[in-house]
Amino acid sequence: MKDSAAPVKSMLDMLVLKALSSGPMHGFGIALWLESRSDGSLALDDSMTYQILHRLEARELIVAEWTVTENKRRARIYRLTRKGRTALSQQTDAWLKYSQSVTSIMLGEAKPEST
Amino acid sequence: MSDLGRRASAGARWLRLRTGRASVEDEVRDEVESHIDLAVDYFIARGRSPSDAEREARRRFGTADAVHRLLIHADQQERRMQIGRLVAEFLQDIRLSLHLIRRSPGFFASALFILAVGVGANAAVFSILQAALLQPLPYAHPEQLYMLWRRFPSPVGPTARPRSIEADRGVLTSATVIEWHRELASTVGDVASVFSWQGNLAAQLDYATRDRVLRLNGAFVTPNFFDLLGVKAKYGRVFRPSDEQDNSPLIVVSHAFWQRELGGDPSIVGKSITLTGGQPRAPHSYSIAGVLAPEVHFTYPEETEVWAMMSWSAVQAYEPRAIAFRAVLRLDPRVPLAEAQRRAANIRGGFENAQSRPAQSRPIVAIESMNDWVRREIRSSLTLLGSVAALLLLVTCVTVGGALLARVSERRRELALRTALGAERSRLARQLLAEGSTLAFGGALFGVAIAGVVQPVLRTLLPGSVPRVGAIGANMWLLAFGFGSAIVTILLATLIPTWTGSRVDLREGLSRGDGHASVDRATKRWQQTLIGAQAAIATVLLASGTLLLTSFWRLGQVPLGFDGSRVVTVEMRLLDRRFRDEANVARFADDLVNRVHGIPQIVQAGLASSVPFRGVDFTLNVGKPGVDSSYIVQGRYVDGEYFDVLRVPILRGRSFAKSDTRQSRRVIVLSQSAAAKMFGAVDPIGHEVKFDSTYEVIGIASDVRYKRRDEDPAPALYFARAQSPSTLICLVARIAPGANIGQVAQAIYRAVHDSDPTIPPMKLATIDEIVDETIANRRFYTVATVAFASIAFLLTAVGICVVIARVIAERRRELAIRAALGATAQDIARHASSDTIVGTIAGVTVGLASSFAAAPVLSQFLFGVSARSVAVYGVVAALMLAISIFGIWLPMRRFARGSVATLLTSD
């Protein structure tokens with residue numbers, strides 16, 4: 001069965017990887033990062049972040065470990081693996097190409113379709 | 001606890017119930033709680049009130065069942081990882097077992113080899129079984145096909161002996177076939193008929209090529225024959241019912257004949273060849289309608305080469321009571337067999353005049369499935385072979401199982417250590433299983449390779465009468481069987497070691513610090529059981545092998561009554577109309593014998609109407625003049641040289657001489673048993689025997705076994721060829737020592753051709769070959785059983801050897817102390833092997849009891865020896881004990897060689 005939400009999923013995966021590319025973060029930090037960078041337009045529940053994180057963890061793109069924050073709170077910190085870094089750069093390239101095509105189609109700049 | 005936390009833990013409980021695991025859920029719950037805490041901190045730092053902050057944190061996290069979803073999601077991920085871990089662990093196990101193999105390559109090589117022998121023997125036997133018995137016959141819906149026979153009811157009463165299979169397969173009259181075809185075809189199922197006037201299926205047709213005449217195996221069949229079987233042509237077409245109207249002679253040829261004699265040229269279809277045959281016998285031009293596919297065989301071992309069409313009207317025009325037809329029935333699948341049998345019994349079929357006879361002597365039409373017709377004779381011997389092979393596989397599994405068990409007990413300390421270091425029990429079991437599986441699959445692969453070697457050997461041993469031998473090959477069945485037996489092997493050979501191995505008692509295993517303490521009870525019991533089982537199966541195999549070998553030897557000892565060494569024979573039948581004149585037959589025969597005498601490599605030569613075990617042995621009803629009694633005897637037409645060539649002693653009187661001619665008084669030679677039967681104690685020389693004329697008895701010849709080795713020779717009369725020339729001619733010739741058979745054959749063929757170029761000589765055969773073929777089937781299963789039994793026998797020693805070696809290894813120090821305290825080698829051996837001896841003796845006893853119980857099954861294969869022969873059982877028991885003592889002695893000898901000092905100090 002093909003997952004109809006696959007493109008959205010992979011986009012979210014990419015965004016989370018991007019968030020972690022600047023350094024290790026816990027789940028709440030990532031949620032805040034996504035919120036601030038998108039000006040709230042993504043409107044994700046925080047729980048969604050964890051689904052994404054667990055998925056990436058299973059694919060060994062990120063690893064997690066428990067640490068204690070400066071506020072003496074326990075937090076699970078996620079970090080990119082080498083594999084994750086490679087995946088991020090590949091996905092970024094693919095996404096840029098894809099979004100340019102879609103953008104040019106939507107703005108009507110595409111070459112006339114050859115029939 | 002927060003609301004979310006409660007929900008999370010509820011979810012976790014739900015999952016725990018479902019999966020029995022807690023770690024993942026706990027982790028998720030922890031993370032969710034930490035998230036909420038971090039968020040609350042964050043919002044308080046942004047100036048919210050604590051309650052406001054918590055509300056906001058919860059809102060952001062999402063709807064209440066988000067946690068639930070998260071947990072399910074996490075669980076799925078976990079599951080995926082779990083599978084990955086299992087695979088990784090399995091690979092690790094395999095790596096470890098490979099490491100263990102490297103550590104003791106000798107052990108694994110032997111175990112692998114033993115398993116491979118078991119699997120190989122089985123795979124080879126199974127592939128033959130599959131081809132000869134299990135593969136469906138090459139017809140459409142073969143299960144609907146039956147053969148019809150004329151059969152006399154089985155004799156009853158105390159003197160009744162079981163009849164041979166052939167006696168139950170009488171040929172039908174044309175009236176029977178026509179009656180069935182007309183009246184029962186639409187309700188019970190149609191029949192197709194095969195015509196043959198020879199008493200066997202092969203109607204002979206002569207095919208003249210440029211330089212020689214070939215006698216072909218032919219058959220005349222009704223136009224619906226191939227359609228009824230569901231056989232198609234490879235080129236051209238088969239006969240069709242509409243050919244009935246067409247009077248031009250048609251033939252269909254076999255694939256082999258087409259390739260051998262017609263050059264394998266597809267364009268031959270539609271062309272004509274000239275064949276001599278039919279009735280009356282004359283050359284006819286036959287148009288080739290088609291070529292059959294190579295897998296079509298109807299008769300074994302000789303394939304029918306040419307199928308000619310015989311119209312239904314020709315069948316009907318045939319003498320109605322002549323016994324010359326076979327019939328194949330395709331039973332309507334809606335009609336039960338019993339109903340067909342009931343209808344068959346009511347067929348009059350020209351037996352009307354027999355209705356007045358008592359029921360026991362009235363023939364009936366019997367129905368036999370086509371599968372039985374083709375396979376009945378070989379089924380029992382192949383079943384025997386299959387059972388023997390299966391027992392061998394069992395022995396190899398038990399041997400390897402015992403060896404693995406011994407290893408587990410040697411590794412007990414290591415296993416205990418692993419358990420102490422936290423290895424789970426299931427993990428240990430899995431590891432042992434992986435070790436066993438590596439062994440089993442290695443053994444299976446190696447075994448299939450062995451089967452590839454064994455199978456051709458078995459194939460050459462197979463008698464020619466085994467159907468569908470051509471279909472035997474290295475096929476998927478062989479591989480499938482190899483791996484099937486690997487699975488059986490894993491189960492049998494590794495389950496017990498795995499079970500006892502994974503039940504390692506931590507305290508026990510570790511406290512035996514020196515590793516020399518005695519082995520635990522369960523292992524000991526299992527070991528004893530395995531040794532016993534092995535000995536029992538080996539005993540059964542050895543008893544069967546010994547009985548078969550004895551029986552084979554006894555059969556070889558049976559005097560045949562003649563000496564066939566260096567005697568060759570060439571058979572001819574003078575079928576042409578010219579030979580109805582006896583003078584022509586005599587002229588040809590005399591000319592041939594003269595020419596053959598001129599061949600330098602031939603020492604002696606004579607003629608007969610048949611030779612032992614081949615050709616037509618006439619059954620005659622003869623009498624004595626003036627006495628109202630008749631005797632059933634065999635009749636043979638021979639010349640005087642026949643007795644010399646085959647070295648059949650003339651006990652009294654004389655054999656035929658040149659002076660016995662057509663003009664002189666008719667003379668006859670009786671066999672010893674015929675003389676006793678007809679004349680009792682009276683000397684028959686000079687007395688008369690009445691048949692077509694009156695004959696004077698001139699001599700008594702020693703008895704000759706003509707038909708079966710395992711039956712008493714039938715009483716026989718010998719007529720002088722010179723006085724009654726028979727159109728059946730078997731040339732018998734004794735060749736000089738060291739003569740080349742091929743050259744002799746060519747010289748004889750040339751002599752036949754020079755005497756009369758139209759007569760096709762059949763293939764030359766040595767009498768030894770002919771006699772040999774009669775025991776081919778028996779030799780096949782005897783050799784195979786003896787070979788398999790020998791392997792099982794040797795494995796018994798291996799199994800015992802392994803156990804004793806292990807006992808010595810474990811109790812080395814104790815045994816050394818005993819030796820130091822003055823125990824003799826025998827004492828020590830007795831001490832180390834008492835359990836094994838008990839197991840072996842119990843096994844041999846069980847084995848002999850099983851053989852005794854299974855005797856009725858084996859006795860059908862035996863000749864001249866009882867399946868419960870005390871002597872054989874005694875020999876088997878002695879052999880088993882001897883091999884067991886050998887198995888004990890081998891490791892003991894190594895132990896005894898070491899000095900006490902080394903034994904005490906070594907670890």
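Residue numbers start from 1 in every chain, and the chains themselves are labelled A, B, ... in the order their sequence lines are given, proteins ahead of strands.
B:F61 places a side-chain heavy atom less than 4.5 Å from the side chain of A:Y50.
Contacts from residues 74-92 of chain A to chain B, taken as heavy-atom pairs separated by less than 4.5 Å, involve A:R74, A:A75, A:R76, A:Y78 in sequence order.
Taking NE2 of B:H35 as the reference point, atom CG of A:D46 lies at 3.5 Å (rounded to 0.5 Å). Put simply, CH2 on A:W66 and CG on B:D30 are 5.0 Å apart, with the number rounded to the nearest 0.5 Å. Here A:R73 contributes atom CZ and B:D37 contributes atom CG; the two are 4.0 Å apart, rounded to the nearest 0.5 Å.
Considering every non-hydrogen atom in both A:L32 and B:Y42, the closest pair reads CD1-CE1, 3.4 Å.
Heavy atoms of B:D41 lying under 4.5 Å from chain A belong exclusively to its side chain. Contacts of A:T69 with chain B are made by side-chain atoms alone, with heavy-atom separations under 4.5 Å and no backbone atom involved. If you measure heavy-atom distances from A:A31 to chain B, the contacts under 4.5 Å come from both the backbone and the side chain.
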